[in-house]
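As C-alpha cells, the structure follows; a few thoughts come after it.
Chain identifiers are assigned alphabetically (A, B, ...) following the order of the sequence lines, protein sequences preceding nucleic acid strands; residue numbering begins at 1 within each chain. Here the structure is a predicted model, which means the values were calculated and not measured.
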Amino acid sequence: MRWTQTLIPTMKETPEGAEIPSHILMLRSGLISQVMAGAYTYMPLGLRALRKAERIVREEMDAAGAVELLMPALTPISLWEQTGRVEAFGDVLIQFSVRRQNRKVQMALGPTHEEVITDLVSRYVSSYRQMPVILYQIQTKFRNEERPRFGVLRTSEFLMKDAYSFNASVESLDESYDKMYDAYCKIFDRCGIEYLSVEAESGPIGGDASHEFMIPAENGEDTIAYCPACGYAANLERAEVGEHGSRMPDVPMEELQDVATPDAGTIAQVCEMLDCKPEQMIKTLVYMADDKPLVVLLRGDREANEGKIRRAAGAERLALAEPDIIEKVTGAPVGFAGPIGLATDVPILVDRDLLEVRNAITGANKSDTHTKGVNLDRDCKIAADRYADLRNVAAGDPCPRCGQKMVLRNAIEVGHVFKLGTKYSESLSARFLDDKEQLNPIIMGCYGIGVNRIVAGLIENNHDKFGIIWPVSLAPYEVLLVPMKVGDEATMQLADTLYDELKAAGVDVLIDDRDARAGVKFKDADLIGIPLRIVLGPRGLKEGKLEIKWRWESEAEMIDLEGAAATIAEMIGEERNSSACFQARPRN
RNA sequence: CGGGGCGUGGCGCAGCCUGGAUAGCGCGUCUGACUGGGGGUCAGAAGGUCGGAGGUUCAAAUCCUCUCGCCCCGACCA
C-alpha cells in the first residue's frame with residue numbers, strides 16, 4: 001500500500017480525553033476514530049491489525065477442531081426471556097421493538113450468543129453420536145456499557161470470538177475445555193502477548209471450571225492475585241486467602257468498655273477519634289442472604305468478598321441490607337453495628353482474620369457508641385464452623401497453594417473459558433439421546449476472546465515514548481519502506497522496484513511515498529510502529545546498500561541492495577512465525 | 001446511579017473570574033520559493049453559528065437558567 005493512497009491521519013498531539021497509552025497511541029497513529037462514547041471507527045491501519053488478530057484466532061480455532069459459523073447480531077427477545085437473562089443483563093441488553101405491518105417485534109442486539117446457539121443446536125443435534133462439537137464465530141457484540149472507557153478496551157460494540165462446545169459427558173466437556181484452553185495459549189503466544197491464565201468464578205459446575213486469560217497491565221480494570229513463588233493466579237473474586245494458622249497475640253484481654261463516638265459511623269472516623277488502627281476494628285456488615293438477614297464480621301481494613309460470603313452462607317442471592325433492616329437487626333443506626341448485643345438473633349459469619357485480633361473495637365449497637373476490649377472468643381462464643389475466608393485477597397497474603405506471599409496486579413481480561421454445564425441446554429430444551437437411550441441435557445462450555453482487546457492490550461504493554469511497537473504477527477504492515485527523497489527519480493525507481501518485489505514475496509509492505517521531510521517520516525514511522533523500517537536514502541544507495549531497522553532495536557544495519565527483497569522476506573518470515581526477535585527485546 | 005472536569009477553525013490550547021473594538025496562539029491544511037537523514041525556513045491564503053436553547057444587558061465566548069455531548073474517579077459488570 002502507498003501512504004498517499006490510504007488514510008493514515010497521524011497526530012502530533014494527544015487528543016483531549018485520551019489518557020491511557022493504548023487509547024492515546026491508537027488515536028495518534030490513526031488506527032481508530034471515535035464516533036461516540038463506546039463506539040469507534042477502525043481506520044485502515046487499525047482494521048488491518050484487527051484483522052490480523054482475527055486471523056490468528058480463526059486459524060487456531062480451526063486447528064483445534066472448532067467449526068466456524070455466523071449468527072445474527074439481531075435476536076428475538078423471546079430467547080432471552082426463556083433463560084431469564086433479560087433481567088440478568090438488565091440495561092446492558094440493548095433491546096428495542098420495530099414495527100412490522102400491524103404488529104411490534106421485540107428484539108435485542110446480542111451481547112453474547114449462548115441462547116442463539118443453544119437454540120440452534122437443539123434443532124439439529126439429538127444424539128450423542130453427533131457430539132462433541134465446538135462451534136464458533138467472530139462477530140460484533142453489543143452491550144450497553146454503563147460506562148464505556150479506555151478507548152477500545154471497554155466499548156458498547158466490540159468484536160468477539162465466541163465458541164461453544166456441546167458434549168455428551170462431563171469427561172468430554174473436559175476434553176473440549178482443554179482443547180480450547182490450549183488453543184488460547186497458542187493464540188496469545190502468536191500475538192506476542194504476555195498473559196496469565198487465572199482461575200475465575202466457576203459457577204454451577206464448580207471446581208476447575210473457569211479460567212480467564214489476563215494481560216497484566218497498569219491500566220487493567222480487573223485485579224488478579226498472583227503468587228510469584230508457585231505461579232498460582234486467580235482473579236480477585238475467586239482468589240483464596242491461604243491459611244497461616246492462628247496467631248492470636250499473646251496479650252491480656254481487656255475488659256469490655258463502651259466509649260462515646262459521636263457521629264463516627266465509619267472505620268476511618270472511629271480510628272481518628274479513638275486513635276486506633278483499622279486492623280484493631282471489627283467491621284460488622286449486615287447482608288440479606290436469600291431474604292434473610294446475615295451478619296458478617298471482618299477486620300476493619302478488609303474488603304468483603306460477596307461471592308465467598310454467599311457460598312459460606314449457602315445462599316443463592318446476597319446483597320447488603322437496606323438501612324431499615326440494619327437498624328432492626330442491630331437496634332442502632334447504620335455505622336454502629338457490632339457482634340455483641342444485637343437486637344435480634346441472626347446468623348453470624350466471621351472472617352478468619354478475626355482469630356488474630358485481641359481487644360478489638362466495634363460498634364456497640366447503640367447510637368454514637370463503640371465498644372473497646374472486644375474478644376470474640378470470650379464475648380461472643382461463635383461456633384468454629386462460622387469462621388471462614390470471606391474477604392478479598394490483599395497484597396502480601398499467603399498463597400493458598402504454597403503459603404508464600406501473593407502480589408496483586410491489575411490486568412486486562414482478554415479471554416475467558418468456562419464450563420457452562422446444562423444451564424442453557426435445560427432452559428432451551430437442548431437434549432440428546434445417550435447410548436442407553438436416555439434423554440439428557442447437552443453439557444456445554446463457552447469460550448470467548450475479545451479481539452479488540454488483543455490489539456489494545458498489546459499496545460498497552462508494547463510501546464515507547466515514540467509510539468507503538470508491533471510484533472510482526474499483529475502489525476498492520478510488516479515492512480515500512482521509506483524513500484528519503486521522493487523527488488529523486490533514481491531513488492523512487494529503486495523504491496518502487498523493491499516495493500513490488502516485496503509484495504510479490506508475500507510481505508505486507510507500506511511505502512511512505514509522501515513528499516515529506518525525513519524527520520516527519522521517521523516520527524510517523526516510530527508512531528505507527530511498523531516492525532521493520534527500510535530506508536532508501538542517498539547515503540546507502542551510493543554504496544549499493546539500504547538501511548533496515550527493527551522498531552524495537554535502537555540501531556539500524558545496512559544490507560546489500562542486491563537481493564534485498566529476498567533477505568527481507570526471509571527475516572519477516574522467521575519473525576512472523578516465532579516473534580522471537582520481538583519477544584527478546586527489552587521491555588520498557 | 002453518586003462525585004469531579006471539559007466543550008472556542010481539522011488537532012492542541014488562551015481568552016471567561018472582572019461583559020465592550022475585526023475572537024487570539026501553536027500545529028495541521030492550501031499556494032509559491034528555498035530546502036532535503038529525526039516533526040525545516042520565508043512569503044502569502046483559506047478555515048470559527050465560541051456545543052445548543054432561553055434569559056439578563058445598550059452590549060454576551062464571558063453573567064444566569066435549562067439542555068446536549070465528551071472525559072475521569074467511584075458503584076455496577078452475564
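Distance, A/Ile528 CD1 to B/G39 P: 18 Å, rounded to whole Å. Rounded to a whole Å, the CD atom of A/Gln82 is 17 Å from the C1' atom of B/A78. Spacing between atom OH of A/Tyr447 and atom C1' of B/A78 amounts to 17 Å, rounded to whole angstrom units. Atom-to-atom, CD1 of A/Ile32 to C1' of B/C11 comes out at 15 Å; the value is rounded to the nearest Å.
Within the 4.0 Å cut-off from OP1 or OP2 of B/C71, not a single side-chain nitrogen or oxygen of A/Arg147 is found. One finds a side-chain N or O of A/Gln34 lying less than 4.0 angstrom from the OP1 or OP2 phosphate oxygen of B/C71.
Separating the P atom of B/U22 from that of B/G38 is a span of 46 Å, rounded to the nearest Å. Taking atom P in both B/C66 and B/A75, the straight-line distance is 29 Å, to the nearest Å. Atom name C1', nucleotides B/G12 and B/U29: the rounded distance is 15 Å, in whole Å. Comparing B/A23 with B/G32, their C1' atoms are spaced 29 Å from each other, to the whole Å. Rounded to whole Å, the separation between the P atoms of B/G44 and B/C25 comes to 14 Å. Look at the C1' atom in both B/A46 and B/C17: the space between them is 35 Å, to the nearest Å. B/A45 and B/G4 have their P atoms separated by 47 Å, given to the nearest Å. The gap from the P atom of B/C16 to that of B/C63 amounts to 9 Å, rounded to the nearest Å.
Across all strands, A/Val92 comes closer than 4.0 Å to no nucleic acid atom at all (heavy-atom distances). The residue A/Glu145 sits apart from the nucleic acid: no heavy atom pair falls under 4.0 Å. Counting any heavy atom pair closer than 4.0 Å across all strands shown, A/Ala525 reaches no nucleic acid atom. Contacts of A/Ala88 with the nucleic acid, taken as non-hydrogen atoms under 4.0 Å apart, are absent. Looking at heavy-atom distances under 4.0 Å, A/Lys523 makes contact with a base. Looking at heavy-atom distances under 4.0 Å, A/Phe466 makes no contact with the nucleic acid at all.
Take the nearest nucleotide of RNA chain B for A/Thr112 and for A/Ala556: the residue whose nucleotide is more 5' is A/Ala556. Sequence order on RNA chain B of the closest nucleotides to A/Met36 and A/Thr14 puts A/Thr14 first from the 5' end.
B/G7 is paired with B/C68 under the Watson-Crick or G-U wobble criterion, all donor-acceptor distances under 3.5 Å. Using Watson-Crick or G-U wobble geometry with both donor-acceptor distances under 3.5 Å, B/C1 finds its partner in B/G74. B/C17 makes up no base pair with any nucleotide shown, lacking Watson-Crick or G-U wobble contacts both under 3.5 Å.
A donor-acceptor pair is defined here as one N or O able to donate and one able to accept, closer than 3.5 Å; such a pair exists between the side chain of A/Thr266 and the backbone of A/Gln269. Checking side-chain atoms of A/Thr83 against main-chain N and O of A/Ser427 turns up no donor-acceptor pair under 3.5 Å. Put simply, the side chain of A/Trp470 gets close to the backbone of A/Ile528: a donor and an acceptor are under 3.5 Å apart.
Residues A/Ile534 and A/Leu480 form no side-chain contact, since every pair of their non-hydrogen atoms from C-beta on lies 4.5 Å or further apart. At a threshold of 4.5 Å between non-hydrogen side-chain atoms, the residues A/Asp162 and A/Tyr136 do not count as touching.
Aromatic ring orientation, A/Trp552 versus A/Trp550: parallel (interplanar angle below 30°, classes split at 30° and 60°).
For a distance-only test at 3.5 Å, the side chain of A/Asp488 fails to qualify as a donor-acceptor partner of the base of B/G36. With hydrogens and angles ignored, a donor-acceptor pair closer than 3.5 Å exists between the side chain of A/Asp515 and the base of B/G36. Interface remark: the A/Glu13 side chain does form a donor-acceptor pair with the B/G26 base, using a distance-only criterion of under 3.5 Å. Taking only distance into account, the side chain of A/Arg533 meets the base of B/G38 through a donor-acceptor pair shorter than 3.5 Å.
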For residues 8-16 of chain A, run the donor-acceptor check on the side chains, cut-off 3.5 Å, and write out each pair with its distance to 0.1 Å, sequence neighbours left out.
from: A/Thr10; atom 1: OG1; to: A/Asp524; atom 2: OD1; distance (Å): 3.0
from: A/Thr10; atom 1: OG1; to: A/Asp524; atom 2: OD2; distance (Å): 3.3

